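A quick note: this is a predicted structure, and the numbers were derived from the prediction, not measured.
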Amino acid sequence: MKNMLTASALDSWAKENPRRAQELLPELVLRLVLRTSTKITDYNFPIEKGIQYSGYDGVLVSEEKTSYFPKGKSVWECGTNGDSLSKFESDIQKRTNDPLGVNVSEATFIFVSLKIWNHKKSIEALRNESLEKYPWKDIRIIDGCKIAIWLQEFTAIAAWFAEAIGHPFDGVRDIENYWHDYCESTDPKLKIEFFLIGREKQIKALDEWMGQKSGTLIVTAESSLEAKLFLAAYFLSASNKKVSRQVIIVEKVECWNQFIRKEEKNTILIPAFN
């Protein structure tokens, strides 16, 4: 996809906006984690005002192993300052000395940063050295390069993050920002219920289509905008909130064709072009 965020773009933005990176990185990781696996049994990633409080930046329990996190329990720390190496060493020593009730021999320590790892000591060398020094079950480091690769798998999350950092994609929108632009910026704000009341038949049809997990659904309305906002309201409703991370609004034909060729798994495309 032409629109995908590069590791260099993530690195540059994080360097220029360290405070904003501190606010957004835990939420980005949480969205990616929940999109990556359907076998997450427990998680806690404080976001927004929650980042001000003490504790891990994230705690995760997964019933499956992925390319980004292990099966079992993992604790996460996010680094957004200029020296990722020093931040990693400070965080792992701090959490080893005071693991906050976590059994370190049964948990994986994961350090994540938007910065490209640019130190004489490689990630793998540091990991091996740290495993000999600290009693954690496993230790992992996810830098900006791996975050960029992770984002390539899930365009809806990449589109959300691109808008959040002020570099919106051309022709591709995540459903949350699309809804915000059309419904939350109005006076008064339009609520989700406004587009769902009295449309039980259409909602049932959508529920049945979602159960099929594939195929095409045609939605008609008095205007194309009304149809798109009805779909947005459906996917952003409480019962479908998790699914909303899979939904992409495609505003250009060329982007649509790219998605068709890419065949991104478990993704719902809503066309918004003539």
D174 and side-chain contact (heavy atoms from CB on, under 4.5 Å): which partner among R245, R31, E163? E163

When you measure from the side chain of S113 to the backbone N and O of G79, does any donor-acceptor pair fall under 3.5 Å? yes

CZ on F161 to CZ on F154, rounded to 0.5 Å: 16.0 Å

Carefully, step by step, assess K204 and E200 under the rule salt bridge (Lys or Arg N to Asp or Glu O under 4.0 Å). CA-CA 6 Å; K204 183 180 179 181; E200 289 76 15; over 6 Å; no

Side chains of R261 and Q258, donor plus acceptor under 3.5 Å: no

Residues 37-44 side chain polar contacts: donor-acceptor under 3.5 Å, at least two apart:
unit_1	atom_1	unit_2	atom_2	d
S37	OG	K39	N	2.9
S37	OG	E64	OE2	2.6
T41	OG1	V61	O	3.3

Would a distance-only check, ignoring hydrogens and angles, find a side-chain to backbone donor-acceptor pair under 3.5 Å from T36 to L32? yes

Run the numbers on F109 and Y134 for side chain to side chain contact (heavy atoms under 4.5 Å, CB included), then give the verdict. CA-CA 10 Å; F109 180 90; Y134 300 106; over 6 Å; no

How about F273: does its CZ atom have over 12 heavy atoms from other parts shown lying under 6.0 Å from it? yes

Can you say whether the rings of Y68 and W150 are parallel (under 30°), tilted (30 to 60°) or perpendicular (over 60°)? parallel

So, do L151 and L28 sit near enough that their side-chain heavy atoms are less than 4.5 Å apart? yes

Under a 4.5 Å cut-off applied to non-hydrogen side-chain atoms, are P271 and V250 in contact? no

Assess whether a salt bridge exists between D83 and K87, defined as any Lys/Arg side-chain N lying under 4.0 Å from an Asp/Glu carboxylate O. no

Reported CG-to-CD1 distance for the pair N240 and I203, which is rounded to 0.5 angstrom: 9.0 Å

Closest heavy-atom pair, C78 versus L25, reported as atoms and distance to 0.1 Å, is CB-CD2, 3.7 Å

Decide, yes or no, whether a salt bridge links D91 with R95 under the criterion of side-chain N to carboxylate O below 4.0 Å. no

Taking the side chain as everything from C-beta on, heavy atoms only, tell me whether T96 gets closer than 4.5 Å to P135. yes

To the nearest 0.5 Å, tell me how far I147 CD1 sits from L114 CG. 6.0 Å

Over 12 non-hydrogen atoms of neighbours within 6.0 angstrom of CG in N97: yes

Heavy-atom side-chain proximity of R20 to W13 below 4.5 angstrom: yes

Donor-acceptor contact present, side-chain D143 to main-chain K146, <3.5 Å: yes

Testing the basics here: between S237 and L196, what is the closest heavy-atom pair and its distance to 0.1 Å? CB-CD1, 4.1 Å

Output the distance between atom CD1 (I149) and atom CG (L5), rounded to the nearest 0.5 Å. 13.5 Å

Evaluate the criterion salt bridge (Lys or Arg N to Asp or Glu O under 4.0 Å) for residue pair D98 and K94; output intermediate values, then yes/no. CA-CA 6 Å; D98 182 15; K94 174 183 176 182; over 6 Å; no

What distance separates C255 SG from I249 CD1, expressed to the nearest 0.5 Å? 13.0 Å

To check you understand the geometry: which heavy-atom pair defines the closest contact between H119 and L85, and what is its length? NE2-N, 3.4 Å

Counting only heavy atoms not in K137, do more than 12 fall under 6.0 Å of its NZ? no

To the nearest 0.5 Å, what is the distance between CG on L60 and OG1 on T108? 10.0 Å

Common cluster, I268/I248, ILVMFWY with side-chain heavy-atom separation under 4.5 Å: no

Using only atom types and a distance under 3.5 Å, with no angle test, would you say the side chain of E27 pairs donor to acceptor with the backbone of I47? no

Taking the side chain as C-beta and beyond, is there a heavy-atom pair between R173 and D181 under 4.5 Å? yes

For W179, the option from F235, F230, F195 that meets ring pair (Phe, Tyr, Trp, His ring centres under 6.0 Å): F195

Can you give me the closest heavy-atom contact between A7 and C145, atom names plus distance? CB-CA, 3.7 Å

L269 vs W256 side-chain heavy atoms within contact, under 4.5 Å: yes

S105 versus N103, closest heavy-atom pair with distance: OG-OD1, 2.6 Å

Scanning both residues in full, the closest heavy-atom pair of I141 with L126 reads CD1-CD2, 3.6 Å

Starting from the C-alpha separation in whole Å, work towards a yes-or-no answer on side chain to side chain contact (heavy atoms under 4.5 Å, CB included) for Y56 and E77. CA-CA 6 Å; Y56 291 105; E77 290 292 346; 3.4 Å; yes

Expected output: side-chain Y178 to main-chain L229 donor-acceptor under 3.5 Å: no

Presence of salt bridge, K121 and E129, under 4.0 angstrom: yes

Answer yes if the side chains of S130 and W136 hold a donor-acceptor pair under 3.5 Å, and no otherwise. no

Taking the side chain as every heavy atom from C-beta outward, state whether K228 and Y182 have any pair of such atoms under 4.5 Å apart. no

Pair K262, T155: side-chain N/O donor-acceptor within cut-off below 3.5 Å: yes

Can you check whether I139's main-chain N or O pairs, donor with acceptor, with R127's side chain at less than 3.5 Å? yes

If you define the side chain from C-beta out and look only at heavy atoms, does anything of I110 sit under 4.5 Å from P70? yes

Check: K115 side chain, N81 main-chain N or O, donor-acceptor pair, under 3.5 Å: yes

